[in-house]
Amino acid sequence: MTTTATRTAMTGEEIVALTKKHTLFEWSAQSKVDPIPVARSKGVYFWTPDGKRYLDFNSQLMCVNVGHGDERVVRAIQEQAATLAYANPFMATEVRARLGEKLAEITPGDIDVFFFTNGGAEANENAIKIARLYTGRHKVLARYRSYHGGTAGSITLTGDPRRWAAEPGIPGVVHVLDPYHGIERGWETAEQSLAMLEEVIQLEGPQTIAAFILETVTGSNGILVPPDGYLQGVRDLCTKHGIVMIADEVMSGFGRTGKWFAVDHWGVVPDLLCMAKGLTSAYVPLGAVGMRRAIADHFKDKVFPGGLTYNSHPLACAAALATISAYEEDGMIENAQRMGVIMKGLLADLERRHPSVGAVRSIGLFGIVEMVRDRKTRQPLAPYNGTSPEMAALGKFFRQEGLYTFVRWNTFFTNPPLCVTEEQMREGFAIIDRALDATDRVLA
Ligand SMILES: Cc1ncc(COP(=O)(O)O)c(C=O)c1O
């Protein structure tokens, strides 16, 4: 477990203590946070200052898709910093030009114009602004089981409990139900879910609705892979009613699902496509809204009323170009597809062997396990928006054994970097297997 220690001027405990003293941690009561001190990372691993190694089974925050410490990306950032670290957004730079062209090549359909932001939340903010200006309407539909970011508009779009503290939020947002209703009730069909959506559209007045924003495959709210027909149906309803379809692929984009974008699995072209995370593999912050030609043309003679000091930041554009080229050079999207098949098998094994597993879901390297207290009643092992001693113990076991992943409510995730090998995947699942043995014993 322990390999070479990485020297930092401070010990792990000192780093944690000083970080907690002077900085705030997200979404947490500060007395409850217990961060892992991180000193360095490489490939699918990272190390504490004392040399404890962790297998990163969540790509940090589902974002380091290319893997840690990729020298091609590091070099591109270094070279760009040495040549032109910054130019203001009214200027044109080669990296910005090349990145726009490259994104137009890999995004679906006629999406070929991009507005760059600092991250995912701002991509969504700009997407709803664009949709409102383009349609002249103001309402935005979003789904309950969703996360769209922490800024004023994006947190209002968010359906999960992270929204609650920000209410009432921005005006005009209407939430609709997802096809998934939790581990106890399960899924409804694409037809049922689309009928509900159309009813909401009718009741709200289609002529008042600018956009419907949805995560193509829902990420932190449960790796919810839509039933076949659902996305096509959403596309058709949006087209029928002149509603802008916004696909939030901040988490599901850039190979995470085994295709460049999750919409590619269903051949659907959204009107706006939001991205971040895997765009630069988080080496530096960058987000973007991609738009179809007709929407981009709207701003030919009309002002695009938006801006950011760090829009099209050269370091970020260079990092994105190098990241995308690393995905291509190493065939990482294909690797995600291949390893995704292996992961599906390993997840199915867990479900077969452990009574505490209520459901598993995955697409590519985007995976989740839902834990239950009892297979018959399907009672979740922790309540919605809550935790339980059993889930806390599971998280503790992972940490002790050097597996880093995201444990949330009654679920935990399996989202390794796209460069993961079969051996590394099995290493992670072996730890999970032992952790679940312990959970099964406690529940028996
Ligand atoms: C689907 C989705 N949209 C938007 C965001 C917000 O992105 P950011 O944190 O870069 O603002 C996230 C972040 O996790 C996300 O998962």
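Atoms within a ligand are numbered from 1 in the order they appear, just like the ligands themselves.
Relative ring orientation between W164 and Y384 is described as tilted, the plane-to-plane angle lying within the 30° to 60° band.
Shown are Y144, W187, Y230; of these, the side-chain contact (heavy atoms from CB on, under 4.5 Å) with D178 is made only by Y144. Screening F412, F429, F366 against F57 for a ring-ring contact (aromatic ring centres under 6.0 Å, His included) leaves a single residue, F429.
The nearest heavy-atom contact from the protein to atom 11 (O) of ligand 1 is A121 N, 2.8 Å. Nearest protein neighbour of atom 16 (O) of ligand 1, counting heavy atoms only, is M251 CE, 3.3 Å.
At a heavy-atom cutoff of 4.0 Å, ligand 1 is contacted by no atom of M62, backbone or side chain. At a heavy-atom distance under 4.0 Å, only backbone atoms of H148 (N, CA, C or O) approach ligand 1. Residue contacts with ligand 1 for N124 involve side-chain atoms from C-beta outward but no N, CA, C or O (heavy atoms, distance under 4.0 Å).
The protein does not reach atom 9 (O) of ligand 1 closely, with no heavy atom under 4.0 angstrom from it.
Heavy atoms of E122 come nearer than 4.0 angstrom to ligand 1 in no pair at all.
With ligand atoms numbered from 1 in the order given, ligand 1 contributes 1 (C), 2 (C), 3 (N), 4 (C) to contacts under 4.0 Å with heavy atoms of D248. Ligand 1 places these atoms under 4.0 Å from at least one heavy atom of E215: 1 (C).
In terms of modelled atom types and a separation under 3.5 Å, the side chain of S388 and the main chain of M391 share a donor-acceptor contact.
For the ring pair (Phe, Tyr, Trp, His ring centres under 6.0 Å) test, no residue two or more places apart in sequence or in another chain qualifies with F116.
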